[in-house]
Amino acid sequence: MHIEKIEYGPEKVGFWPNAAFVLIIVLTLVAAGITGNLLWKIIISEPSVASTRAFIEVAGKMLAYLLFIIAAIIYLYVKGLLQDEHVTTLE
């Protein structure tokens with residue numbers, strides 16, 4: 001495959017890119033908070049408490065929230081901020 005030309009779409013301006021940028025910043029701060037809270041709980045907890053089912057369920061929920069937030073950040077970046085590209089290829 002040979003890339004002939006890469007064309008860029010119009011620059012993203014308006015409300016949606018600005019909202020996506022703000023949401024990405026907020027979600028990044030939330031993800032950092034959740035990560036810090038999770039690490040703090042893992043470091044501070046006694047081994048007997050950390051091996052209980054309740055602790056593992058809480059840690060699993062926090063990891064699920066973190067995964068969802070990271071997916072939302074990626075979606076907002078791709079849809080809201082990433083420049084559109086159209087690639088022409090020759091074979």
Side-chain angles (χ1 to χ4, degrees):
M1 182 185 318
H2 174 71
I3 296 178
E4 183 65 26
K5 186 177 181 185
I6 300 176
E7 298 175 10
Y8 297 100
E11 186 175 335
K12 294 193 175 181
V13 293
F15 174 75
W16 176 244
N18 292 336
F21 179 74
V22 170
L23 284 172
I24 287 171
I25 298 299
V26 170
L27 288 173
T28 302
L29 294 174
V30 171
I34 290 174
T35 303
N37 191 9
L38 180 63
L39 290 175
W40 183 255
K41 283 186 179 202
I42 290 172
I43 292 171
I44 294 298
S45 297
E46 295 292 325
S48 59
V49 174
S51 62
T52 62
R53 180 182 178 119
F55 182 86
I56 295 170
E57 286 177 355
V58 168
K61 285 180 185 177
M62 292 176 82
L63 288 172
Y65 295 149
L66 190 60
L67 183 64
F68 180 77
I69 290 171
I70 291 171
I73 290 170
I74 292 170
Y75 175 80
L76 287 170
Y77 176 72
V78 169
K79 286 292 189 179
L81 296 180
L82 190 64
Q83 189 67 29
D84 294 331
E85 295 180 354
H86 307 282
V87 178
T88 305
T89 59
L90 296 175
E91 297 195 31

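Just the heavy atoms: all of them, side chains too, but no hydrogens, waters or symmetry mates, feed the values below.
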Looking at Ser51 and Ile56, what are the two nearest heavy atoms and their distance? O-CD1, 4.2 Å

Measure the spacing between CG of Leu66 and CG of Leu38 and express it to the nearest 0.5 Å. 8.0 Å

Does one hydrophobic cluster hold both Ile73 and Tyr75, with members joined at side-chain heavy-atom distances below 4.5 Å? no

Just so I know, are the side chains of Leu27 and Leu76 near enough to count as touching, which here means a heavy-atom distance under 4.5 Å? yes

Distance col, row Thr28:OG1 vs Ile69:CD1, nearest 0.5 angstrom, shows 9.5 Å

Salt-bridged, Arg53 to Glu57, with N to O below 4.0 Å? yes

Any side-chain heavy-atom pair from Leu63 and Phe68 closer than 4.5 angstrom? no

Give the cluster check for Val26 versus Leu67: same hydrophobic cluster or not, with ILVMFWY residues linked at side-chain heavy-atom distances below 4.5 Å. no

Looking only at heavy atoms, which two atoms of Ser45 and Phe55 are closest? And how far apart? OG-CE1, 3.3 Å

Among the clusters formed by ILVMFWY side chains lying less than 4.5 Å apart, do Ile43 and Val49 turn up in the same one? no

Flag yes if Ile25 and Tyr65 sit in one hydrophobic cluster, no otherwise; membership is Ile, Leu, Val, Met, Phe, Trp, Tyr, and two members link when side-chain heavy atoms are under 4.5 Å apart. yes

Working to the nearest 0.5 Å, report the span between CD1 of Ile44 and CG of Leu39. 11.0 Å

Hydrophobic cluster membership, with links at side-chain heavy-atom distances under 4.5 Å among I/L/V/M/F/W/Y: are Val58 and Ile34 in one? yes

To the nearest 0.5 Å, what is the distance between NZ (Lys79) and CD1 (Ile74)? 14.5 Å

Between CG of Leu81 and CG of Leu23, what distance do you get to the nearest 0.5 Å? 10.0 Å

